[in-house]
**Q** 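Structure incoming, see below.
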Amino acid sequence: EPEVVSGPAGDPNCFAPWASETKFFKYPAKEGPYRIALANGYIANTWRIQMIQTAKAYAAQPDVAAKLKEFKVVSTGEDVPAQISAINNFIDSGYDAIVVNAQNPTAFTPVIKRAKEAGVVLVAFDNILDTEDAINVNVDQKGLGVLWANWLAKHLPEGGKILEVRGVAGTSVDTDRHTGIHETFAATGKKWDVVEVLGKWDDPTAQKATADAIAVHKKFDGITAQGGDTGVVQAMIDAKHPFVPFGGETENGFRKFCAKFAGEGLKCSSAGTGPAQVAVAIKTAIAALEGQVVPQSVKLPTAIVEDPNFKEGEDFYPDQSDNFFVGNSFPTCGINFTAQEIMGQTKENQ
Amino acid sequence: MSEMTTERQPARRLPKFLHGVDPAVATAFACILLLLAFGSFYSTSFLSPEYLLQQLKVASFLGVIATGMMLVILLGQIDLSVPWSVAVGGMMACAAAAFGPAGEVLAIPFGIACGMAIGLVNGIGVAYLRIPSMIITLATNAVAQGLMVVYTGGFSPQDSATAAMRWLATGSLLPGVPNAVVIWAIIGAVAVFLLTRTTFGRSVYGIGNRERAAYLSGVDTRRIVMVAFIISGALSAFGGVLLAGYASKAAQSMGDTYLLPAIAAVVLGGTSILGGRGSYLGTVAGVILITLLQSILSVMQMPEAGRQIIYGVVIVAMLLLYGRTPPVR
Amino acid sequence: MLQEQADRPSLFRMEGISKRYGGVRALEKAELVVEAGRIHAILGENGAGKSTLIKVMAGVVSPDEGRMLLDGKEVRFAAPADARAAGIACIFQELSLVPDLSVADNIAIADPPRRFGLIDRRAQRLLAEEALARAGAGDIHPRALVRDLPLSRRQMVEIAKALASRPRILILDEATSALTAADVAKVFAVLKRLRAEGLALLYISHRMHEIAELADECTVFRNGRNVESYKAGTRTDAEVVQMMIGREYSNVFPPKPQRSDDAAPPMLECRELGWGGRLRDINFSVRAGEVVGLGGLDGQGQRDLLLALFGVLRGTTGEVLVDGRPATIASPAQARSAKVGMALIPEDRKTEGLMLPMTVRENLSFAVLDRVSMAGIIDREAEERLIDEMVQLLAIKTAGIDVPVGALSGGNQQKVVIAKWLMRKPRIILLNDPTRGIDVGTKQEIYQLLRRLADAGAAILFYSTDYDELIGCCDRVLVLYDGRIVRELEGSGITEHALISSALNVEAETRGAAA
Amino acid sequence: MSEWRYWLAEQRATLMAVGIFALMFLIYVANHPAGLTANVVQTASNKGVLLAFVAMAQTLVVITAGIDLSVGMIFILTNCLASWLVVGTAMETTLGLFAVLGTGLACGALNGAIVIFGRLQPIVATIATGAIYFGLALLLRPFPGGSVNEGLADALTGRLFGLIPASLVVLAAVVLVVWVPFSRSLTGRTAYASGSSEVAAYMSGVPIRRAKFAAYTLAGLLASIGGLFLTFFTYTGEAALASGNAYTLFSIAAVVLGGVSLFGGKGSVIGAIFGALAFRTIGDLLFVFDLEPLWQPLFQGVVLLVAVSLGAFALFRVKNRLEWFG
Ligand SMILES: Nc1ncnc2c1ncn2[C@@H]1O[C@H](COP(=O)(O)OP(=O)(O)OP(=O)(O)O)[C@@H](O)[C@H]1O
Ligand SMILES: Nc1ncnc2c1ncn2[C@@H]1O[C@H](COP(=O)(O)OP(=O)(O)OP(=O)(O)O)[C@@H](O)[C@H]1O
Ligand SMILES: O[C@@H]1[C@@H](O)[C@H](O)OC[C@H]1O
Ligand SMILES: [Mg+2]
Ligand SMILES: [Mg+2]
């Protein structure tokens, strides 16, 4: 039952609307401090672990903590109904806002209805909800695909043979990125021969798929991959495939390779968005509860680094894990966690 | 009245792994050739030595893991803790490497030891507490996952593989032959020896056929079962070590894609899921079969849906060809 | 009535039935005629093809050739259900009860009474109670799980189950082999009544005196063929046995040696052995060279006693001494260790003695692997040598040592079980009803073997449900009743009368009453 | 032994499952911020019922000493199908329902046919058919989406008389319509018999093939009822590989918690239902205990480990070691 109002948002720099026609919401202002819950689904990968750490760290920041009476996190695994039930339970237990990384974009319609009736603010991020009745904090997935394809087109002006390593079949993220890539290639009018394999956002899987593709197709002119990028580069190295332009995500390991082998032809565009977006989502939820105007769909800035700009200690960290996602700060929202900080933070707490 | 007819079938006198006549194993190998022939219609590269070696290398990860699975299946049990045993092996080996040069040296043994610990819990649960393996291994898998999540979140562990791990998985000591393949060959040879020439192997088959009789024969069946699970945990973890070496780092999800293929490979190789029957050569065939099938579907850019359907149909078809249990009458 | 029979076709007739398993000819043009109102005994040594014959009759096995006629009309059974529908009920040598179903469920299993398509459990229960009563087993609760019943009770349920289908032909394949004398007497009364009711009965047994008591006519099988049929009582035992085994049959039991002095120290001794309520105050000893029998009704603790000695039972009390020294035996592994040197020939060869799909070789050497291996590695030559020796010694009839042991006949399987333990050259041998389902020839071999082993210095404890055996084989017999040793019989004191009366504990009771 | 003791012995495993569930649920509601409200019960039962249906499916097959590793995939496939078909007018919706249930039956029948007539070992056969069903699901729903008759969905996931969760009522109805007749029929008894001892069952001349075929087929049906409920609960269809695998594995855990023997011949669907509800409550306990988020998976794993080890205590009462071997 938020009021639909016209923009701009209370904090227009951070809460950028997704598109010009995006609606703006104004919820009735509530007295703080608030009870906020994070309903996460899957948990067993670095991205999600980092995300949870960030959420906790963000909620513990003094100015944020002052506004919160309770911040509760529950991870329900890959089972959609379990996540739906978790949200139901949060609603029944009187939480003011619920932040969700949704296991499925379309399955939450009944819960969204219930949240609305109960006056609970629902904010989805990362894996967002296919709805206009809740707030989405959104990454432009298709835009990423466009970006990568443009990068390859720039380096291969005459077109060429491209290896596209896709993510998990059937997810909107994978499809959006894929569509972005292919539309962009088509628009160049050049001849592109795209070989698609499934990497499942997983390094070893992507690595195997790439190795197989190289063994059979011998030579590619360019590569684009979503997730598993480190594995893809590793496969090239193992197969002694010459380095070629590459459009990929923001894993630290990938960026290490990009920096190291740039001179040998590994010209990278590394773009994506890190787990710190959860902080933006929490921030949005608090703003909504305070009665500020917020867009129904918030567009997150993408963190992009392109060759030759990979800077050690800023865009990548040689001493740190390959697995973490570097693009992790949102300066426009005053959110400046480096992944390093997040990983380090709890170490001291132990 | 010695009625003992002493016509000895010569084939039977050979060691088990040379029972080349085992129709299941022979058919499995025939299927491999068929698959390659089929693939070569798409591209002759499927017959190139690079491609085949690459497949063997990748197959050796599954091969190492499936070896442990086979041992457990021969006992009539199953190990569903493979996914996180693999992850634990890889992650812990990498983590150990953070502790200076000593850590580097101990990385691989430490990773394997962690897998053995999981196997030990499974083994105690199955052998001493008599909990069905299907459920205790499911539970330890969940616990291992929980531990790794806590660990990753709390300790920001190092996750890049050591040079030794990388060398094992991707190097080649013998020119042209990846080390991973050599390792699988060694593990396979040990497995064959263990299964056919040792009291342990005999006991495994005996227990798989009739544990009660094995026990009454004075075999410490519980210890054998426990040891088998420990070996399975160790090999899963070692698979994880190799996998981490291959990808040059470890990640939580690295074992997810190995459970069902490991079971399928063992059974496609003619080992009875009920225990007591099966030869290692069959498992080798099964592993190569599964790896090739996955790879060919991948390279042919088959969409995921079709890939799953073909995968399922091919497995059923091959089993119908040779994996049928004898009729009751 | 006899007049009519001549014109009427026989109730059931089998002609030219053959069945091969690989190279083994289980049946070779076998013939059989079954008449109503008669008990027809089938005799033959182990592996003669008796069980195969009746499996063909019961639709369990399909013959390679030959035909079967019921009431003169040719019939074909594709499955046991067909045979059943035709009025043939069979009690197989291997029990066909489902362990996790109740007695009532088992009795009514094939065709339970139904209402509205669903099983009517009330009616089923009545049916079961009636069938149990008919089989003389009214004491078995119809709701008990078969799994929880001792073997002899299961056998009775099996008989009740067969009767419940109201068959015209009832086949019993060694149905009494697990029964004690008292149960056998009950069963016989039932069988005689059924004969009077006009049923045709086929009766397979290795116990000659049973056949003498029951049968109207007999058919002897050898090597898959029926070698002769005759009216009961027209042949002497010796003649019959000669037909069966093709050789002379003379004194079954080996002579017992003269008792030596009692001074020799006992090799095995039990003091105040107890186990829950099932074994109490067990005191006895066995010397080297002695064969000591365990007698009594079935289920009086004899099996428990053997298992307790072998380290299988938990929570036993009292003391077990080996060579006069206290021994802790907490597992079969300890029991078979060199220090103790014990062997147990278990009760049920299919589930406790053998791994049926494994080869004869693997089964034979399974208990002795530790002796033929170094550091866990099997010395195949040593293994081979031991195995060859044993196969010769016990004359095991097999197509080779690399065939699955499951393909051997029951008697030969039993020999493998015994051989497997003899390979360890045990000093203390426990036997749990080792001659169950074994033909006279093989039995005789086993008796002689036992005596030879004893003479060579082994201490033998021998449980048998067959009184003849106890009388013929044992130097002493301990009779158990309700978990206690109530009588010890010795030498010429071991008589059928003494065994039975002490088994029923009658003397003890009269004595108790007198006191 | 008197009559009631036999009854108790027959029901022991099921009663254990009821007990474990009751205890866990009690802890859950006692600590729930909202307490024991109709909403809380509705939420718990909607979630629990999904797994309960899949666990029922698994039970039928496990009773025959088989296993069905494709139940989760049938669940997913029918969810995807329902998100196409169970929409529109009452007539269309009804036809859609039948089509979905029919598909479940067909999948189960295919499993049954392969296992029984193809004589394949159920574990691998159903791994393979599971891949096929998942592939089909992915063809139907390359992306999550679709819709369902919302009136029906709300009715079946809502409450009766404002109090009783409708999903529980449907569950009870399915038990009455599917399980009770099955378990009391000759076919059902044969399923138990062949699970307990296939040889004995065969010798007894009972219709083993029919019974196994019925068990697999009905399992498909039950899994598809689960798939329907998933659709009612989410309004959409999704070909989620991870969910399919998770439900398959959870169903095995539920069956074991419910006292059904994986060796066959023992246990009942009622036990499995409570096993499923208990298993689901393990997840719910996360709400009521303030656990560090990253410790939650470990907590669930440990609770599961403890729960499955409970049965092992009976072991210490075993006096005859041969009983270890069943
Ligand atoms: N399933 C089988 N596979 C192979 N051979 C078999 C099988 N069943 C029986 N035989 C063989 O057929 C022959 C006859 O066996 P059968 O069981 O009929 O003998 P039997 O007369 O009943 O003996 P016993 O008195 O020992 O029970 C034996 O040589 C046996 O080894
Ligand atoms: N498994 C069984 N085996 C033998 N008799 C049984 C079995 N189950 C029930 N009965 C008997 O069948 C009769 C009626 O069956 P009924 O179905 O009413 O049993 P019940 O005791 O109510 O069991 P339940 O509670 O499972 O329905 C009773 O006499 C009962 O003792
Ligand atoms: O957005 C994705 C996130 O949801 C997943 O958990 O990890 C990989 C990311 O790309
Ligand atoms: Mg026989
Ligand atoms: Mg009743």
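A quick note: this is a predicted structure, and the numbers were derived from the prediction, not measured. Note on naming: letters A, B, ... go to the chains in the order of the sequence lines (proteins, then strands), and numbering restarts at 1 for each one.
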**Q** May I ask you to say whether C/D482 pairs ionically with C/R280, meaning some side-chain N is under 4.0 Å from a carboxylate O?
**A** yes

**Q** Run the ring-centre check on C/F310 versus C/W421 and record whether the distance is less than 6.0 Å.
**A** yes

**Q** Stepwise, does the side-chain hydrogen bond (donor to acceptor under 3.5 Å, both in side chains) test hold for C/Q334 with C/T328?
**A** CA-CA 8 Å; C/Q334 279 173 11; C/T328 41; 4.8 Å; no

**Q** Is there a donor-acceptor pair under 3.5 Å between the side chain of C/Q155 and the backbone N or O of C/A175?
**A** yes

**Q** Where the side chain of C/W275 meets the backbone of C/G315, is there a donor-acceptor pair that is under 3.5 Å apart?
**A** no

**Q** Could you have a look at C/L307, C/D100, C/L97, C/N106 and say which one has the most heavy-atom pairs with chain D under 4.5 angstrom?
**A** C/D100

**Q** Any Lys/Arg nitrogen of C/D139 or C/R153 sitting under 4.0 Å from an Asp/Glu carboxylate oxygen of the other?
**A** yes

**Q** Under 4.5 Å, counting heavy-atom pairs only, tell me which of C/D82, C/T351, C/L101 racks up the most with chain D.
**A** C/L101

**Q** So which residue, D/A200, D/S185, D/P207, ends up with the most heavy-atom pairs under 4.5 Å with chain C?
**A** D/A200

**Q** Just by distance, do the side chain of D/R321 and the backbone of C/L313 share a donor-acceptor pair under 3.5 Å?
**A** yes

**Q** Who in residues 190-197 of chain D is close to chain C, using a strict under-4.5 Å heavy-atom cut-off?
**A** D/Y192, D/A193, D/S196, D/S197

**Q** Check whether C/I109 gets within reach of chain D through its side chain, its backbone, both or neither, counting any heavy atom under 4.5 Å.
**A** both

**Q** Please evaluate residues D/T126 and D/N111 with respect to the criterion side-chain hydrogen bond (donor to acceptor under 3.5 Å, both in side chains), reporting the C-alpha separation (whole Å), side-chain torsions for both, the decisive distance (0.1 Å), and the verdict.
**A** CA-CA 7 Å; D/T126 54; D/N111 285 340; over 6 Å; no

**Q** If the contact rule is any heavy atom under 4.5 Å from chain C, which residues of residues 255-271 of chain D qualify, in numerical order?
**A** D/G264, D/G265, D/K266

**Q** Looking at D/K212 and D/E198, does any basic side-chain N land under 4.0 Å from a carboxylate oxygen?
**A** yes

**Q** Answer with side chain, backbone, both or neither: which region of C/R278 has an atom nearer than 4.5 Å to a non-hydrogen atom of chain D?
**A** neither

**Q** Side chains of C/D105 and C/Q124: is there a donor and an acceptor less than 3.5 Å apart?
**A** yes

**Q** Salt bridge check, C/R125 against D/E3: does any charged N sit closer than 4.0 Å to a carboxylate O?
**A** yes

**Q** Is D/E10 paired with C/R143 through a side-chain N to carboxylate O contact shorter than 4.0 Å?
**A** yes

